[in-house]
Amino acid sequence: MILKSCKSKNYTFFYVQKSFRTNDGKCSTKNIERLGTLDDLKARFGDADPIGEAKKYVAELTAAEKENARKVIVEYSPTTLVAKDEQRCYNGGYLFLQKIYYELGLDYICKKIEKKHKNKYNLSEILSHLLYTRLLYPGSKLSSLEDARKFLEQPEEDIHQVYRALSLLATEFNEIQADVYKRSLKLGKRDTSVVYYDLTNYFFEWEEEGGLVQYGHCKEGRPLPIVQMGLFVDRDGFPLAMCIEPGNKAETTTLKPMEEILKEKFGLSKIIVCTDAGLSSYENRKNDAVSERSFITVQSVKKMNKTLQEWALDTSGWHMRGSDRTYDLTEVDARECHETLFYKERWEPVKMSTGETLEQRYIVTFSFKYRDYLSYVRNRQIERAQALLESGKANTGKRKSPNDAKRFIKAEHCTNDGELAQVTSYSLNQEMIDQEAQYDGFYCICTDLEGPAEEVIRMNSGRWIVENDFRITKSDLNARPVYLKRDDRIKAHFLTCFLSLLLYRYLEKKINRGGMHFTTREILDTLKDMNFLSINGEGYVPTYTRTDLTNHLHGSAGFRTDYQIVTKKQMRSIISLTKKRKKEDNGDR
């Protein structure tokens, strides 16, 4: 490569020019970089000798190109032992997570906290390793520290600093979430027009209660104390904010404080809050039925008052998208309309316990497909109930869940004369079966919105997003069981799970483009397997299989690690690249 000048009428332009041979063997040249005018060279290389410095720059490019093109020959001996305790294999999959970590400015947030609390350890290094290992090697905090030693960049912290860092992160629990949200806006607009909120719980591997860890209704039916996590998710599935509450706290009371945090710390006041039936208390609905906020919540048809329930189950007065007429479900061909969603709506005032009246809109939907699904599930449960009766194990003791097959078994406690009997007989409860069957296919939501019913139904259908985030947190990030005992460290543990989920969601968005869809397990397993064999004095040899997924990972990150060998200089450049982000604004300095 050479420095090439090109004169025009008023200026002289400088380029980095490279020679090459065409397919037919002829010599040719091409400009690979435009350096600009002499003034541009002075601004870039200094006034003393701009042309000389530009030539040095071109020489460096030439040397780098030759280095990259150099063939590496390594000699191995079958009689020489490898050095004892020498680490030769390193994971580089974390680099794709590290790039997003710095793009979100988590390192800057840690520096702010360090400055505020004047701690003497590298908080960003500890947090980053906790996040990367949570995604790639989920486990305890001690195992996370050990697993971080598999990375190309070795940790310097010890376990005591990790625990102290957890306590420090807990003190800035809400502020970290708010800062991450605000900085994430630099990566693209967040769709917070509708936010989904739900609550789940996590069990602990001991029976002692204390602080946040309390006995409550465990969603998995385990007889262990729990804590509860409330999670807000935006419309695209990105986690927005979360809280950790005691296991015995009523879940309906967690929504209002979280909305206040969104308003005060996140600057989000104009939102539509979408929840399931467990969080749809009248107080929460009233709190969200204000000028800037609205609510969409699930309403159980079984729990409606008699008048509303009769209206909801009435077969007449149904609408279909794209049609102005009304339909009677008994006159519709179920086979032709198996995939069709019918709906009806009405406004109804509801008197609250405080004496106030809340005007809300009921939107009931019906689907033959949903009806058949519920009927299929119930028939399977009836089969299990019959099997229990035939085996003599039909004791109708305490049921484990509302869907337990034992609910279809009834006990007879009296003789034919009506006297009390000591011997109990069991039989199938046909009355219970018929009662449940009448609700098959029906689904109801409540809202204070006045828009088209189809749009409200579509917004409510996104509630699966927050359930999926819970599934990833529990199944892929192994957020449970929890082994920490101090409340502050428990909160910090779930904060790291929340931030890990956010990193993953951004990575998933980057690589699942162009019609591609890689599953969570595929992505995380691929990152975990992206290992490199260290070649002393030369660089790193990839030992993973190059696939479509690794191609998408590299394409989204802007660097490649899938060459036959990555030199030490190249790897240093890649690591440096993952720690760069866009030019900071004044608030970051």
Side-chain angles (χ1 to χ4, degrees), residues 67-68 70-99 101-102 107 120-166 476-478 483-484 493 496 500 523-547 550 553-554 557 559-579:
E67 173 66 19
N68 293 337
R70 178 177 64 92
K71 292 186 182 296
V72 177
I73 299 176
V74 182
E75 294 184 353
Y76 288 105
S77 171
T79 61
T80 303
L81 295 173
V82 296
K84 185 181 178 181
D85 297 327
E86 177 187 11
Q87 183 175 355
R88 306 177 70 209
C89 186
Y90 298 87
N91 175 270
Y94 79 96
L95 294 172
F96 301 93
L97 300 170
Q98 182 161 276
K99 193 169 193 303
Y101 178 92
Y102 279 85
D107 63 316
K120 296 182 179 180
Y121 49 84
N122 191 330
L123 181 62
S124 179
E125 181 178 308
I126 294 174
L127 177 60
S128 63
H129 286 152
L130 288 175
L131 302 191
Y132 307 155
T133 54
R134 176 57 51 187
L135 286 161
L136 303 184
Y137 312 104
S140 67
K141 299 297 172 283
L142 180 59
S143 68
S144 295
L145 183 60
E146 293 302 316
D147 288 329
R149 305 191 191 284
K150 299 176 182 177
F151 298 149
L152 290 165
E153 299 169 274
Q154 298 286 293
E156 297 180 0
E157 66 271 14
D158 58 42
I159 189 62
H160 304 293
Q161 292 174 329
V162 172
Y163 284 126
R164 285 197 290 270
L166 289 176
D476 296 303
L477 306 189
N478 289 7
Y483 301 100
L484 299 162
H493 163 73
T496 60
S500 299
I523 295 171
L524 295 183
D525 283 347
T526 296
L527 294 178
K528 183 178 179 180
D529 292 339
M530 293 186 77
N531 295 321
F532 296 82
L533 177 65
S534 176
I535 308 298
N536 284 335
E538 296 294 348
Y540 303 89
V541 174
T543 61
Y544 60 88
T545 302
R546 182 186 170 197
T547 63
T550 62
L553 282 166
H554 289 117
F559 60 80
R560 301 203 71 93
T561 63
D562 50 2
Y563 298 109
Q564 291 183 348
I565 185 169
V566 182
T567 65
K568 288 185 175 293
K569 184 177 180 181
Q570 287 175 321
M571 189 60 80
R572 285 195 297 268
S573 298
I574 290 172
I575 292 173
S576 177
L577 178 65
T578 63
K579 297 181 179 181

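No experiment lies behind these values; they were computed from the predicted model shown.
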Just to verify, what does [X] make a side-chain contact (heavy atoms from CB on, under 4.5 Å) with, not counting sequence neighbours?
| X | value |
| --- | --- |
| T561 | M530, F532, Y544, H554, F559, I574 |
| S500 | L131, R134, L135, L477 |
| L142 | S140, I159 |
| K568 | Y540, R572 |

Taking C-beta and beyond as the side chain, do [X] and [Y] meet within less than 4.5 Å on heavy atoms?
| X | Y | answer |
| --- | --- | --- |
| L130 | K141 | yes |
| L553 | L527 | yes |
| S143 | Y137 | no |
| Y102 | L577 | no |

Which pair of non-hydrogen atoms, one from [X] and one from [Y], has the smallest distance, and what is that distance?
| X | Y | answer |
| --- | --- | --- |
| Y101 | D107 | CE2-N, 3.7 Å |
| C89 | N531 | SG-CB, 3.7 Å |
| Q564 | V541 | O-CG1, 3.6 Å |
| L136 | L524 | CD2-O, 4.0 Å |

Tabulate below the donor-acceptor pairs under 3.5 Å that side-chain atoms of residues 151-158 make, not counting sequence neighbours, or state none.
residue: E153; atom: OE1; partner: Y94; partner atom: OH; Å: 2.7
residue: E153; atom: OE1; partner: Q98; partner atom: NE2; Å: 3.1
residue: E153; atom: OE2; partner: K579; partner atom: NZ; Å: 2.6
residue: Q154; atom: NE2; partner: R149; partner atom: O; Å: 2.8
residue: Q154; atom: NE2; partner: F151; partner atom: O; Å: 2.7
residue: E157; atom: OE2; partner: H129; partner atom: ND1; Å: 3.1
residue: D158; atom: OD1; partner: H160; partner atom: N; Å: 3.1
residue: D158; atom: OD1; partner: Q161; partner atom: N; Å: 2.9

message: Could you check whether any side-chain N or O of T550 sits under 3.5 Å from a backbone N or O of R546, counting only pairs where one atom can act as donor and the other as acceptor?
response: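 Between the backbone of R546 and the side chain of T550 there is no qualifying donor-acceptor contact (under 3.5 Å).
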task: Would you check if the side chain of N91 reaches a backbone N or O of K528 as a donor-acceptor pair within less than 3.5 Å?
output: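 Checking the backbone N and O of K528 against the side chain of N91, a donor-acceptor pair under 3.5 Å is found.
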task: Find the distance between CG (L97) and NZ (K99) and round it off to the nearest 0.5 Å.
output: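 Reported value, rounded in 0.5 Å steps: 12.5 Å.
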task: Check salt bridge (Lys or Arg N to Asp or Glu O under 4.0 Å) between D476 and all other residues, then give those that pass, not counting sequence neighbours.
output: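 With sequence neighbours excluded, D476 shows a salt bridge (Lys or Arg N to Asp or Glu O under 4.0 Å) to R471, R521, given in chain and number order.
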- prompt: Going by distance alone, is a donor N or O of one side chain under 3.5 Å from an acceptor N or O of the other, for T547 and T545?
  reply: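 No pair is found: no donor N or O on one side chain lies under 3.5 Å from an acceptor on the other.
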query: Is D147 salt-bridged to K150, cutoff N-O under 4.0 Å?
result: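 Yes, this pair counts.
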